[in-house]
Student: 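Take a look at this one; I'll ask things after.
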Amino acid sequence: MPNEVMFKPHGDAADARSAWMLPHEPGHVPSQVSTVMQRLADNHARTLLIVGYSERDQVVVEQLVQPLDASWRTIRVGPGASGAHDLAAGAEVALPLLAEPYASREDVSSWHTVTYRGSRDIRSALTGQRLDPRDVSTCPELAEVDLLARALKTEHAVVMNGAAGSGKSITAYQALRRLTDDGFETLRLRDSARGNGIRTWLEDLRAFPRPKALLLDDAQDMSPDTVRELAEHATNETLVLVVGIDHVAGGVRTLRLSPGAAVARLARWVREERQTLFPLIRALDDNLGNHANDLFFDRRIEVAEQQVTPWHFLYTLTGGWRRIRQSVLELRDAQRADLALLAVAVAQIAGVDAGVDRSSLTSLAKELGHDDAWLARCLRELKMRGLVLESDERLRCAHLQSAYSVISWMLHPAPWNAPLSSRPVVPPIASAALNAPQPATPSEVKARPAPPDLSKSEMDSDREAACILIKVVLDNPATPLRGLAWLAGRHMLGDGRNVLEWKGVLGPKRDEQLALRALATPADGDIAAAAQLLSDTIAYSHDAGVVTTVKARDDRIREWYASIAPENAWALGDLINSLHRPDEEYAAQIARYADSKRLSALVLEGGWPHTASTGYALDRICNEGGQQVRDAVRSHLNPDAYLRMLDTGDPEFWRVVNLLKSFLSVDAELALRLFVHAAPRLAQQFQSDPVRQWNDMSGFIIHIGYGPDFLRRRKHPTAQVRNAVRAFTRSLDRQKVAETLSSPNEQWGEVNFYAFVDLLSEADPTTFRSVADLVDVTLFEASLGTRPGNPNQTALYVMHHLQESRPEEIHAILDRLEPTLKQLPPLFAYMAPDLATRTLHRGLPLDLGLDHDRWELAAAILDRLHAHDRVAAAEVARSNQASMTIGLAAVNWHNPWEGLRHWTEACDRAAPGLLDTAIAELPVGAVAGWARALRRPGKSSRSRRADIAPLVHRAALLNGHVKSEATDLLRRFPSLAK
């Protein structure tokens with residue numbers, strides 16, 4: 001109930017201790033009531049409706065009724081009412097009759113009132129259902145909820161974008177629920193009213209006179225003009241929130257959901273609430289163990305953490321793939337209702353998640369040889385099982401991602417029988433073998449029997465049905481361009497796509513058809529949707545013919561890029577990016593179609609709401625166009641205009657850093673100048689949530705030269721870059737950064753927060769030392785206890801940095817942590833070799849990660865262990881021999897020998913002869929593969945000759961195939977003899 005609507009001055013049953021006015025006592029009119037009523041009287045002539053009040057209370061009559069009765073028309077409702085306009089009836093009779101016309105107006109309105117009255121438990125989210133107002137209290141809030149609520153209050157109109165399954169809808173409802181406390185009612189546009197037009201939408205708002213917040217969910221099928229026109233009607237009493245997948249444009253404040261940060265938030269929530277959630281999750285997937293602390297559950301959380309969106313996280317966490325399979329198999333026995341579910345799924349995706357009406361489903365059912373009666377029976381079954389939802393006469397699967405899962409199952413892709421990759425098991429050191437703890441045995445798992453496998457003919461029948469429906473929709477000229485992209489483009493990936501190609505639904509002919517459909521869009525049409533479809537078609541085509549088709553309509557491509565605008569820029573950036581792989585020269589040619597002067601002002605034209613679109617396009621076009629395009633655009637840039645832009649509009653942190661990153665490909669000096677100018681405000685925004693903000697900032701930092709060694713073009717960034725970064729780091733509130741570093745959590749690893757610590761310590765050691773001195777190590781140690789026995793690796797990395805300035809305190813923490821360890825992290829061994837030796841002797845192994853080519857860190861650890869306990873160091877080296885052999889064989893093809901010479905020296909010191917033994921055990925071809933390190937490195941590579949050359953000579957002194965392969969290398973590379 002909004003404020004200043006209901007008052008209970010005579011007593012409140014919800015508060016028995018409040019003051020009560022008994023029937024024989026005089027009433028009381030609080031000053032707040034008098035003030036509100038006087039304000040109403042001053043603003044408008046109104047009708048005073050008195051319901052169920054006998055007026056025997058003289059105080060109320062004199063202070064409230066008579067002053068209003070003098071200027072307002074008064075109507076009394078009650079059994080004893082006798083005035084000319086009064087209603088002689090009880091309130092229980094009169095009020096429903098009075099409300100009925102207003103209720104019926106809402107029933108036929110384009111808008112539906114969201115009441116937030118119902119409530120569901122967390123199982124709705126766990127089972128992957130479409131979340132709605134009933135879930136606002138049970139689902140954990142993401143950081144964007146607060147941002148969205150504040151943005152609506154200040155900007156009045158906001159667009160929120162995010163990937164499917166990123167949590168957009170529940171975030172929207174949670175933010176809007178907060179606004180009800182300020183008197184705003186939530187109105188959601190009905191699915192059935194989407195085609196009525198904005199004029200009807202606005203006229204229907206007359207039925208809702210109170211302050212309101214309008215919600216347009218699943219708005220990815222709406223044009224930018226529609227969004228913009230609705231946003232123009234936003235006021236401080238009519239807020240507008242537009243939510244959609246991809247890039248919903250409208251020239252207003254735009255927020256985006258960060259799926260990576262959301263997944264990290266959910267993973268942390270699951271761990272915190274594991275005792276409550278585990279029984280619910282195991283009820284959904286009894287392949288898990290029998291206890292919340294079971295090893296299987298921890299592994300499931302870790303696997304789920306690798307997923308890309310919250311929906312996929314929960315789907316993986318709860319074994320969603322098993323539920324989909326089980327449900328669809330059960331539906332086969334319900335008059336093949338699985339085919340009706342398939343039809344809903346295909347139509348939902350083709351309709352861009354806007355829902356599907358029954359008439360469209362009837363047409364698809366006929367394609368499968370079924371009638372209306374069958375469809376009606378099946379839909380009843382699907383709705384009863386909660387697999388299909390109906391709202392405003394539109395049907396959907398429980399979630400868009402569920403629709404994709406249904407299609408994937410019905411296509412029955414062949415199982416992938418490639419062997420699972422497994423790392424070698426590093427054993428405990430030999431002297432501690434007897435003390436080694438036995439591996440934890442998961443509690444007994446009593447899983448339900450696996451559903452029966454389908455026969456080949458049944459799977460072929462399912463594939464045929466899926467292919468028929470997808471083909472019909474792709475051939476239908478009424479299917480929207482974005483729907484075609486969703487059904488045949490980037491969203492339809494995986495083995496299911498292979499089946500569609502095998503069955504001829506997708507392939508060269510389809511690629512040409514889709515390309516021509518996209519290219520039929522004129523310059524004044526929906527260029528964004530057309531470019532997205534064309535981009536996906538090119539990106540996932542296996543045939544060069546689609547590029548030929550595009551080149552044949554080069555005039556249309558030229559028109560599109562000549563008409564580049566903030567609303568379509570992102571899609572044109574995607575298109576030129578997709579063309580790079582099949583035809584780099586043509587991509588560069590297209591980049592020159594865009595007018596350089598227009599490109600230079602594109603970001604300014606779109607303003608902050610469109611920077612994700614305009615900045616991306618600017619970056620892609622300038623990258624593909626090369627120096628010629630970059631120089632042309634740079635010559636038209638107005639630095640002062642961009643400096644003014646940074647000072648206006650209160651842009652979000654991620655928008656500024658994304659814009660700066662985009663400018664690096666056009667004018668790196670200007671990008672750094674803008675960075676320095678914005679540094680104080682960026683620092684203030686950053687320290688509000690450093691972990692989340694680092695997730696947005698890290699890409700820019702890597703591009704300017706601070707990143708992992710293998711991503712750097714030069715060992716040390718330029719002085720100009722260093723100074724720019726220091727302008728940012730020295731604007732940070734050191735106390736707030738220290739508070740963040742004092743509380744490590746799982747999200748640190750998800751967003752590579754260690755890289756921020758690296759940046760701070762490398763770019764600005766003075767500031768880092770000041771921050772390190774302020775870190776609360778007591779709180780830090782307590783935070784490590786959230787994962788007993790397995791401390792957060794990023795937290796250990798931060799401890800490594802803190803150790804330089806606070807060695808005794810860090811060592812004391814490690815000393816107390818050591819007895820609890822269930823595994824020995826390499827960083828722990830590096831920081832405290834004395835404690836690590838103790839751990840080794842009680843039977844925990846030390847995996848140096850040599851099969852992952854961590855040569856340099858492994859060498860440093862081995863040297864430290866060797867200095868403390870030579871015997872233990874030698875045993876550690878020998879226990880890692882199998883891992884070393886894999887690393888030397890270069891199974892990992894990404895820069896596999898970086899730092900190998902350091903390991904060679906350390907291994908020879910600690911365990912002489914071990915390296916030669918490992919070389920002798922290399923498989924055939926491994927030594928010959930070292931030729932990659934001996935050749936001249938490419939433009940973006942570094943030479944590893946110094947790492948490999950000594951090993952070639954050592955291999956030549958051995959026997960067998962390693963000797964012959966090494967001898968051949970010495971012959972091919974004569975300079976090795978020098």
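All residue numbers in this chain count up from 1 along the given sequence.
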Student: Testing the basics here: between I948 and A933, what is the closest heavy-atom pair and its distance to 0.1 Å?
Tutor: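 In terms of heavy atoms, the two residues are closest at CG1-CB, 3.6 Å.
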Student: Inspect the contact between R838 and D815 and indicate whether a charged nitrogen and a carboxylate oxygen are less than 4.0 angstrom apart.
Tutor: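 Here D815 pairs with R838 in a salt bridge, since their nearest N and O are under 4.0 Å apart.
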Student: Would you tell me whether D764 and T729 have side-chain atoms, one donor and one acceptor, within less than 3.5 Å of each other?
Tutor: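 Checked: D764/T729 side chains pair up, N/O donor to acceptor below 3.5 Å.
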Student: Rounded to the nearest 0.5 Å, what separates atom CD in Q823 from atom CG in L846?
Tutor: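 Interatomic distance, Q823 CD to L846 CG, rounded to 0.5 Å: 11.0 Å.
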Student: Residues in side-chain hydrogen bond (donor to acceptor under 3.5 Å, both in side chains) with S879, at least two apart?
Tutor: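 S879 satisfies side-chain hydrogen bond (donor to acceptor under 3.5 Å, both in side chains) with no other residue.
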Student: Checking R726 against T767 for the side chain to side chain donor-acceptor pair (under 3.5 Å) test, could you report, in this order, the C-alpha distance in whole Å, the side-chain angles of both residues, the deciding distance, and whether it holds?
Tutor: CA-CA 9 Å; R726 286 173 186 164; T767 297; over 6 Å; no
Student: Say you draw a straight line from CG of L802 to CZ of R769; how long is it, rounded to the nearest 0.5 Å?
Tutor: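 Those atoms lie 13.5 Å apart.
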Student: Inspect the contact between D285 and R300 and indicate whether a charged nitrogen and a carboxylate oxygen are less than 4.0 angstrom apart.
Tutor: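 Yes, this pair counts.
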Student: Applying side-chain hydrogen bond (donor to acceptor under 3.5 Å, both in side chains), can you list everything that pairs with D834, at least two apart in sequence or on another chain?
Tutor: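 Result, side-chain hydrogen bond (donor to acceptor under 3.5 Å, both in side chains) vs D834: H811.
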Student: Nearest 0.5 Å please: distance from the NE2 atom of H312 over to the CD atom of Q306.
Tutor: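 Between atom NE2 of H312 and atom CD of Q306 there are 14.0 Å.
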Student: Are R271 and E305 ion-paired here, with the side-chain N under 4.0 Å from a carboxylate O?
Tutor: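 Yes, charged N to carboxylate O under 4.0 Å.
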Student: With no hydrogens and no angle check, just 3.5 Å: does a side-chain donor-acceptor pair link S770 and R734?
Tutor: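 There is such a pair (donor and acceptor under 3.5 Å, judged by atom type) between the side chains of S770 and R734.
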Student: Step through it carefully: locate the ring centre of F686, locate the ring centre of F728, and say whether they are under 6.0 Å apart.
Tutor: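 That pair passes the under 6.0 Å test.
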Student: Do E809 and Q803 have a side chain donor and acceptor closer than 3.5 Å?
Tutor: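 There is no such pair (donor and acceptor under 3.5 Å, judged by atom type) between the side chains of E809 and Q803.
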Student: Could you grab the distance from atom CG of D947 to atom CG of L934, nearest 0.5 Å is fine?
Tutor: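 Here the rounded value is 10.5 Å.
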Student: Should the pair D847-R854 be classified as a salt bridge under the 4.0 Å nitrogen-to-oxygen rule?
Tutor: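 Result for this pair is no, no salt bridge flagged.
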Student: Check the orientation of Y797 and H801. Use parallel for under 30°, tilted for 30 to 60°, and perpendicular for over 60°.
Tutor: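 Because their plane-to-plane angle is over 60°, the rings of Y797 and H801 count as perpendicular.
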Student: Starting at CG of L672, measure out to CD of Q720 and round the result to the nearest 0.5 Å.
Tutor: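 Taking CG in L672 and CD in Q720, the distance rounds to 5.0 Å.
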Student: Hey, what do you get for OG (S698) to CD (Q693), rounding to the nearest 0.5 Å?
Tutor: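 Interatomic distance, S698 OG to Q693 CD, rounded to 0.5 Å: 11.5 Å.
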Student: Quick check: closest heavy atoms across P690 and F753, and the distance to 0.1 Å?
Tutor: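 That closest heavy-atom pairing would be O-CE1, 3.8 Å.
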Student: Under the side-chain hydrogen bond (donor to acceptor under 3.5 Å, both in side chains) test, which residues partner T794, sequence neighbours left out?
Tutor: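 Listed in chain order: nothing, the list is empty.
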Student: If you apply the rule side chain to side chain donor-acceptor pair (under 3.5 Å), what do you find for E875 with S431, and how did you get there?
Tutor: CA-CA 8 Å; E875 289 183 302; S431 62; 2.8 Å; yes
Student: Could you verify whether a donor N or O on one side chain and an acceptor N or O on the other, from R954 and T904, lie under 3.5 Å apart?
Tutor: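 On atom types as modelled, these side chains do not qualify, holding no pair under 3.5 Å.
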Student: Is the number of heavy atoms from other residues, nucleotides or ligands under 6.0 Å of R816 CZ greater than 12?
Tutor: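 Enclosed.
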